[in-house]
Amino acid sequence: MENLTSFGEAWVRAWNSHDLEEILSHYDADIVFYSPLIKKINNDPTGCIRGKENLRAYFSKGLAAYPDLHFELYHILEGVNSVVLYYKSVKDMLSAELMVLNEKGLVCEVRAHYK
């Protein structure tokens with residue numbers, strides 16, 4: 001698995017490029033993704049998306065809703081097969097995303113948090 005700091009930096013670069021395929025390249029096909037923004041953007045009270053194709057649709061909506069999206073990375077916290085990215089998100093919200101990585105180095109679970 002690549003260095004988690006490099007992973008975090010590449011993830012932010014992908015988002016800031018607005019390249020959906022590059023963004024999705026970080027996620028496993030069986031991704032489970034939890035976010036309070038899913039409740040808003042997808043009008044889904046569970047706040048959960050399962051599967052890369054569903055994630056593609058959600059991210060596509062997000063990129064369309066926030067055409068000026070730019071993340072500013074503050075900290076990368078390394079764990080055991082996981083990383084937390086702490087960054088400035090859309091509308092200047094603070095965000096921390098816990099990402100669990102599988103043996104392929106792909107994100108298989110996300111828990112996103114916002115303030």
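Look at K39 and D44 and you find no salt bridge, because none of the NZ, NE, NH1 or NH2 atoms lies under 4.0 Å from a carboxylate O. Between E109 and R50 there is no salt bridge, since no side-chain N of the basic residue sits under 4.0 Å from a carboxylate O of the acidic one.
The closest donor-acceptor contact from the side chain of S60 to the backbone of A57 lies at 3.5 Å or more, if one exists at all. Of the possible polar contacts, none joining the K115 side chain to the S95 backbone as a donor-acceptor pair under 3.5 Å is found. Not a single donor-acceptor pair under 3.5 Å links the side chain of K104 to the backbone N or O of D28. Between the side chain of H75 and the backbone N or O of L73, no donor-acceptor pair lies under 3.5 Å.
Minimum interatomic distance between N16 and F71 (heavy atoms only, all atoms of both residues): OD1-N, 2.6 Å. Residues P45 and N43 come closest through the heavy atom pair CD-O, 3.8 Å. Of all the heavy atoms in F7 and G105, the pair that sits closest is CE1-O, 4.1 Å. The two atoms that bring A96 and V84 nearest to each other are CB-CG1, 4.2 Å, heavy atoms only. Heavy atoms only, all atoms of each residue included: L4 and I76 are closest at O-CG2, 4.0 Å.
Aromatic rings from W15 and Y87 are positioned such that their centres are separated by 6.0 Å or more. Here the two rings, on F59 and Y27, have centers that are under 6.0 Å apart.
Side-chain N/O atoms of S17 and E22 include no donor and acceptor closer than 3.5 Å.
Within 6.0 Å of the OH atom in Y86, the count of heavy atoms belonging to other residues, nucleotides or ligands does not exceed 12.
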